[in-house]
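What follows is a short report on a single structure.
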Amino acid sequence: MTTTEPIVVLGGGLMGLAIAHQMARRDHAVRVISRSRNEAAGFVAAGMLAPHAEGLSGELLTLGQKSLALIPQWVAQIEHDSGLSCGLRMSGVVVPFKTKEEGKHYPTAALGQPLNRKDLEREIPGLAPHWQAGLLFEQDGQIDNRRQLMRALEKACVSLGVQFLEGAEVQTVTRNRDIQELQEISLRTAEGEVKHQPCRTAVLCSGAWSQKLVPELPVFPVKGQMLSLQGPRKALKRVIFGPGTYLVPREDGLIVVGATSERDAGFTPGLTPDGQTKLQAGIQDLLPVAGSWPPMERWWGFRPCTPDEGPLLGKSPINGLWLACGHHRNGVLLAAITSELLANAIDKRPYSEEEQSILNTFSYERFAHKK
Ligand code: GLY
């Protein structure tokens, strides 16, 4: 299906860009409306690709594993279309534990390689002595979302003809009340002009702000504060995923440290002394030597969360409006499968059994009857 009326993507964050890119690759006209690119969770996240190390379970683990398998090919497409590297590193992730027993009870223990203290010292020189056991997930990795992936995706989209409306805020999504069909979106441009645009096909990729446009959707913000440290190059080869704090080493020695998880903060912006102190304490608790590495940047953002912490994918309560939101802690990991799934859905390609099952599991309807 090739359309001339553009598919409108509501949100220029990672999910919006990934879907715009897939649709443009299929020769669709695409328009991305983005209020403020810096607020996008894709810029805020640490870029861990770690369904196993993050201890996911059930259908979310399966979804994460499927997306992880798609990532090399997805990244290759973006790198081809943009000419830029995305900074993918399958560096493996170590989850440390105080005791061997604790590790045995980790949800994904059976999928990791058990480590004793000697192994831990080999994998993470300088790890604090109270960590006596661990699990190594060699199949997990990371991508430099903040400095590379987002930029590469933007460039790939531009090179494929995607139009961008940056600084424009979508104010309402209007539906025909009788048949619940998408009719129009109204937006306020960066210059302050309010525009009403007829629209028949759109994708909601508005992250933590999704409920503002479609009130039925149970998406709420979970604030995360982060910082980065400049370590010596190669000081850390694996990601360390500790309880409450993780350290993600980039190729050039920059270490991204995350993250607070603040459910009561709502959309309150800014760093807090408490949040930053917790991160500093987490660094000290994991890798004391990193306490002396200079902090480079500090930032915060809002994870888009749902009551069961799984994403909302596929149909919405409004015909013509598709959902790709609510990815909570796993947006970077799930962008590959989300963009493929949504592109197939919008293109009306017959679903495979596997796709149908994912769309059923992560449909917004799972919350509809719980109201
Ligand atoms: N995936 C890590 C986080 O959301 O903090």
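Counting starts at 1 for both ligands and their atoms, following the listed order. Residue numbers count from 1 along this sequence.
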| F267 six-ring face occupied by K212 cation (under 6.0 Å, within 45°) | yes
Per-pair distances, ligand 1 N/O vs protein N/O, less than 3.5 Å:
{"residue": "ligand 1", "atom": "1 (N)", "partner": "E54", "partner atom": "OE2", "Å": "2.7"}
{"residue": "ligand 1", "atom": "1 (N)", "partner": "R329", "partner atom": "O", "Å": "2.8"}
{"residue": "ligand 1", "atom": "4 (O)", "partner": "R303", "partner atom": "NE", "Å": "2.8"}
{"residue": "ligand 1", "atom": "5 (O)", "partner": "Y246", "partner atom": "OH", "Å": "2.5"}
{"residue": "ligand 1", "atom": "5 (O)", "partner": "R303", "partner atom": "NH2", "Å": "2.8"}

Review item, side-chain donor-acceptor pairs of residues 324-335, under 3.5 Å, at least two apart:
{"residue": "H327", "atom": "NE2", "partner": "T338", "partner atom": "OG1", "Å": "3.0"}
{"residue": "R329", "atom": "NE", "partner": "E54", "partner atom": "OE1", "Å": "2.9"}
{"residue": "R329", "atom": "NH2", "partner": "E54", "partner atom": "OE1", "Å": "3.4"}

| Centroid-centroid distance, F97 to Y106, less than 6.0 Å | yes
| Option among E79, Q73, H80 that satisfies the side chain to side chain contact (heavy atoms under 4.5 Å, CB included) test with Q77 | Q73
| task | For A259, check side-chain contact (heavy atoms from CB on, under 4.5 Å) against everything at least two apart and list the hits. | result | M226, Y246, R303
| message | Show me the pairs that pass salt bridge (Lys or Arg N to Asp or Glu O under 4.0 Å) and involve residues 268-285, at least two apart or across chains. | response | D274-K278
